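These notes are about the structure you will find just below.
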Amino acid sequence: MRVAIALLIMWSLAAEASPATALLKREGRRALEMNLYMEAIEKFREATLADPTDRDAAFLLGATFNRAGDFAGAYVRLKALEETSYRNREMDFELGWSLLGMGRAGACIPRLKRYEASVPDRAIVSELLGRCHLMLREYEKAEAKLREAVVRDPGSRTRVDFYLAQVQAGRGDRQAANATVDAIMRSDSDIGRALRDGQAGLAALESLAQPAETGLRMAASAAIGYNDNVIGLGNTIPLPTDITRKGSMFFRGSFGASYDHQFDLGTRGSVGYGGLIDRYDEIKAANLEDHFFHADLAHRVHERVALSLRASLQVTYLSGNHFRDQPALRTAAAYRWNDSAVTELSYTFARPDYAVPGVAPQFERDGSVHALSVNHLIQSAGSPWLGSVGYTRSENRTQGADFHSSGDSISGALRYTFGKRTHLTLTAYLGHDRYANPNSLSGFAFARSDKPLAVSVQYTAPLSEKLRYFLQFQSSRSHSNIAFFDYRQQAVIAGIDVDF
């Protein structure tokens, strides 16, 4: 494929624009034919310097950046060239390829379709369009274009099968994906040898099948449930009077939206919103409304290392009244050990500000929260199991003496995939919170000590490509030496999720 694409762009530039650059361009083309991309880049760059008016040399330079894998570098050069009114029939193909490499599948498709209309029946165009649809999780369209690529060029089958396996993995059809991967591994191809050498596996294919998307994404859910001990404060700190020890049916609704942008090949940003409401039949005072705003920036600094930063603001209302604002900042570093394992180290700083009037001084919950966490995720290639485990050390520096505390917790999750986006997920949490001061509810005789435990089980299955239902059971137990904070809570929830 590389030689074919190299010949394609050279054929489109058969005429020399400047005698001064002719030799340099011939040497660059020769290097391009031999897949010596860095040498080709140097030759074409010298040609553009020798004759800045030679726009064909500038086009060759940008196109070679594509083949070298520097898609952002290619896009910047080609787009600037296009804006000079330079015309080349391969421009849409090259810019489409750059956009795909940058993760901008939505912008890639119109370019490649326009190129395909003028230059029909090229297998590589069908393949790239299939990969764009795959990135957008449009699996039916992706499969159709990928299979079209094989019809147009039977020699591309093994390479295209690699992406077809990602389509199957994205649909949750692990059996078909495993069969396709096995066939690739038995082949005498570059991809087959890489798979045999352990450079990729089904877990990697599944992650590729759901790449980071750009553009606007939205999701919503609606659920009904029963809670046998309504607290209803989300993840805030409850006062003794907030723990009702009464049961109630409730409705839960949520909505989320985010917009993602690819700055360059290794840097992405996003802004988003998440909203949640709880409405209780019998305990109206516990009705909750929560708004979460966030901005994220992620940068891959190495093949195995990525850094991320999140700034967020959470605004909470309880029973229609403004309850709390909490700005927060989270920074994280993730290290990928191999295709199956990732470890993340993160630090979070939050500044909760409660708007509840008339609270006793010892119950003031304003202050700052510091949390240091390490989490490890693992999924073996070809396995339906996905697991994670984490540890968090936190400190809650409140203004009120009763809530100043530090804590340690461990958490874990285990998910089993039955196929076709059908999952069973088990999560567990165990913590120990140690409070710094003698508690007022003990007559200031001793400090509070809590040992919370929580487990949940959720079953999720599809109703359609974008619609799914879920059933969830939650159970928690707070062991505390202060009777007011010693309680149990159980809830059952059934609902529907939809992606837009």
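One is the number of the first residue; the rest follow in order along the sequence. Keep in mind the model is a prediction, meaning the values are calculated, not measured.
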Short side-chain to backbone donor-acceptor contact, [X] and [Y], under 3.5 Å:
X      : Y      : result
Asp153 : Gly155 : yes
Asp161 : Leu164 : no
Thr425 : Arg415 : no
Thr422 : Phe418 : no
Ser156 : Arg159 : no
Arg55  : Thr84  : yes

Salt bridge (Lys or Arg N to Asp or Glu O under 4.0 Å), that's the test. Do Asp408 and Arg393 meet it? Break it down for me.
CA-CA 5 Å; Asp408 299 277; Arg393 171 71 177 182; 2.8 Å; yes
Exercise: do [X] and [Y] side chains pair donor with acceptor under 3.5 Å:
X      : Y      : value
Asn88  : Tyr86  : yes
Gln314 : Arg324 : yes
Ser456 : Thr427 : yes
Gln458 : Thr460 : yes
His432 : Arg434 : yes
His376 : Thr343 : yes
Gln166 : Gln168 : no

Taking the six-membered ring of [Y] as reference, does the cationic atom of [X] (NZ for Lys, CZ for Arg) lie under 6.0 Å from its centre and within 45° of its axis?
X      : Y      : result
Arg171 : Tyr139 : no
Arg217 : Tyr259 : no
Arg104 : Tyr75  : yes

With a 4.0 Å cut-off on N to O distance, would you call [X] and [Y] a salt bridge?
X      : Y      : answer
Glu116 : Arg111 : no
Arg67  : Glu94  : yes
Arg114 : Glu90  : no
Lys466 : Asp499 : no
Glu33  : Arg29  : no
Arg152 : Glu148 : yes

Under 30°, 30 to 60°, or over 60°: which ring-plane class applies to Tyr459 and Tyr469, parallel, tilted or perpendicular?
tilted
Criterion ring pair (Phe, Tyr, Trp, His ring centres under 6.0 Å) on Phe349 and Tyr347, from CA distance to verdict
CA-CA 7 Å; Phe349 171 78; Tyr347 168 74; 7.2 Å; no
Walk me through whether Arg147 and Glu143 qualify under salt bridge (Lys or Arg N to Asp or Glu O under 4.0 Å).
CA-CA 6 Å; Arg147 294 197 184 281; Glu143 182 177 9; 3.0 Å; yes
Can you measure from [atom1] ([X]) to [atom2] ([Y]) and round to the nearest 0.5 angstrom?
X      : Y      : atom1 : atom2 : answer
Ser409 : Tyr429 : OG    : OH    : 4.0 Å
His404 : Asn396 : NE2   : CG    : 8.0 Å
Leu467 : Ile496 : CG    : CD1   : 5.5 Å
Leu288 : Thr316 : CG    : OG1   : 6.5 Å
Leu377 : Glu344 : CG    : CD    : 10.0 Å
Asp325 : His291 : CG    : NE2   : 10.5 Å

Could you please spell out the steps behind the side chain to side chain contact (heavy atoms under 4.5 Å, CB included) verdict for His370 and Ser368?
CA-CA 7 Å; His370 305 261; Ser368 63; 3.4 Å; yes
Kindly determine whether Leu61 and Arg77 satisfy side chain to side chain contact (heavy atoms under 4.5 Å, CB included), including the steps that lead there.
CA-CA 8 Å; Leu61 178 61; Arg77 288 166 173 81; 4.2 Å; yes
Just do the side chain to side chain contact (heavy atoms under 4.5 Å, CB included) check on Asp497 and Phe470 with the steps written out, would you?
CA-CA 8 Å; Asp497 292 327; Phe470 64 91; 3.5 Å; yes
Is the centre of the Phe292 ring less than 6.0 Å from the centre of the Tyr273 ring?
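Ring centres of Tyr273 and Phe292 not closer than 6.0 Å.
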Should Glu82 and Lys79 be marked as a salt bridge (Lys or Arg N to Asp or Glu O under 4.0 Å) after you check the CA-CA gap, both sets of side-chain angles, and the distance that decides it?
CA-CA 5 Å; Glu82 184 184 51; Lys79 185 63 177 174; 3.3 Å; yes
The test is side-chain hydrogen bond (donor to acceptor under 3.5 Å, both in side chains); show your working for Asp433 and Tyr435 and say whether it passes.
CA-CA 7 Å; Asp433 299 323; Tyr435 290 77; 4.7 Å; no
